[in-house]
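Computation of the quantities below employed the complete heavy-atom set of this structure, encompassing side-chain atoms and omitting hydrogens, waters and symmetry-equivalent molecules. Each chain gets a letter, A, B and so on, in the order the sequences are listed, and its residues count up from 1.
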2 protein chains.
Amino acid sequence: MAGVLDRASLEAVARLFGVLAEPTRLALLQALKAGPRAVSELAEELGAKQANVSKQLGVLHAAGLLARARDGNLVRYSVAESMIFELCELVCGKLRRDAERQLSALAPAKKRK
Amino acid sequence: MAGVLDRASLEAVARLFGVLAEPTRLALLQALKAGPRAVSELAEELGAKQANVSKQLGVLHAAGLLARARDGNLVRYSVAESMIFELCELVCGKLRRDAERQLSALAPAKKRK
DNA sequence: ACACAATATTGCCAAGTAGTAATATTTTAA
DNA sequence: TTAAAATATTACTACTTGGCAATATTGTGT
């Protein structure tokens, strides 16, 4: 369905993947999957510094993955692209398969399902 | 379906996304979508240096995304995880939607489909 | 106006890495 | 054993960026 992408499109795709290529940002997305959270809540939940949480949320927001909403003194972020969870599921599936293959190579004959 | 991932799992997922976060590697995957290719073929097809193509193919192979097969003097690489194209499709879809939104914000009332 | 709390920003450093030129390795063919 | 071709590796440079401390900004209540 999709033709061949030019260099600029490939760079855009790569940039998006790059946003997801950091454990801290993935942890933030995972926490936000349960619902909107304020910066300080996320910082405590992840055990991370406020400055860094704010910075990484900014990266995710700039990429269009998060929505930002002021609520008095707080700023609540929420997931704006549920697509990211499909992405993560695909990757997790591959990692699970890899791990299984590695296991069965050491311990033959495993139960199927 | 998937529970909460620990730090190590998040790092593994991030590492995978990181492999896809480079335009050159995406271009290689795109070229390989049409079928197996030798290193020199890919270098010419992309207009890139042999050393860099070999290096990036190595990264993709180490990540388990490509298969490697010697064929005489050549080494042919091929896609080992078709999942990556689903990933790219999801990302491309988001980018298309973003671009459309940006367009319709400037030029109201566009034709549907 | 003030103090206080939550968030954002700035300057910095250390680590990681894409790309390159040069060189090494592997394979084929004489 | 040679030479030549294809691929991989090494050493290097330039650039990017995650995390941090300090500071600035924004909003709330008094």
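Using a 4.0 Å heavy-atom cutoff across all strands shown, A:Ala38 reaches sugar-phosphate atoms only and no base atom. B:Ser40 comes within 4.0 angstrom of the backbone, heavy atoms only, and of no base.
For A:Thr24, no side-chain nitrogen or oxygen approaches OP1 or OP2 of D:dG18 to under 4.0 Å. Put simply, B:Arg76 has no side-chain N or O that comes within less than 4.0 Å of OP1 or OP2 on D:dA6.
Per the geometry, CG belonging to A:Leu42 stands 14 Å off P belonging to C:dA6, to the nearest Å. Spacing between atom CG of B:Leu28 and atom P of D:dT7 amounts to 13 Å, rounded to whole angstrom units. A straight line from CZ of B:Arg68 to C1' of D:dA6 spans 13 Å, rounded to a whole angstrom. In this structure, NZ of A:Lys49 is placed 12 Å from P of D:dG19, rounded to the nearest angstrom. Atom CD of B:Glu11 and atom P of D:dG19 are 10 Å apart (whole Å). For B:Glu44 and D:dA5, the CD to P distance is 15 Å, given to the nearest whole Å. Computed from coordinates, the A:Glu41 CD to C:dA5 C1' distance equals 14 Å when rounded to whole Å. As a whole-Å value, the separation of A:His61 NE2 from C:dA8 C1' is 13 Å.
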Using salt bridge (Lys or Arg N to Asp or Glu O under 4.0 Å), reason through B:Glu22 and A:Arg15 one step at a time and then give a plain yes or no.
CA-CA 8 Å; B:Glu22 213 62 30; A:Arg15 219 172 299 128; over 6 Å; no
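Rounded to the nearest 0.5 angstrom, A:Leu65 CG and A:Ser78 OG are separated by 11.5 Å. Within the model, atoms CG of B:Leu28 and CZ of B:Arg37 stand 11.0 Å from one another, a figure rounded to the nearest 0.5 Å.
Each of D:dG19, C:dT7, D:dA22 was ranked by its minimum atom distance to the side chain of A:Ala51; first place goes to D:dA22. Closest to the side chain of B:Tyr77, out of D:dA8, D:dA6, D:dG18, is D:dA8.
Under 3.5 Å, the side chains of B:Asp98 and B:Gln102 contain no donor-acceptor pair of N or O atoms.
A salt bridge links B:Arg96 with B:Glu89: the distance from a Lys NZ or Arg NE/NH1/NH2 to an Asp or Glu carboxylate oxygen falls below 4.0 Å.
Mapping A:Asn52 and B:Ser54 onto DNA chain D by nearest heavy atom places B:Ser54 closer to the 5' end of the strand.
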Quick test: give all pairs of protein nitrogen or oxygen and nucleotides 23-30 of chain C nitrogen or oxygen below 3.5 Å, distance rounded to 0.1 Å.
from: C:dT27; atom 1: O2; to: B:Asn73; atom 2: OD1; distance (Å): 3.4

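Listed for the B:Ser9 side chain is no donor-acceptor partner under 3.5 Å among the backbone atoms of B:Leu5.
Under the 4.5 Å side-chain heavy-atom criterion for ILVMFWY residues, no single connected hydrophobic cluster contains both A:Val79 and A:Leu74.
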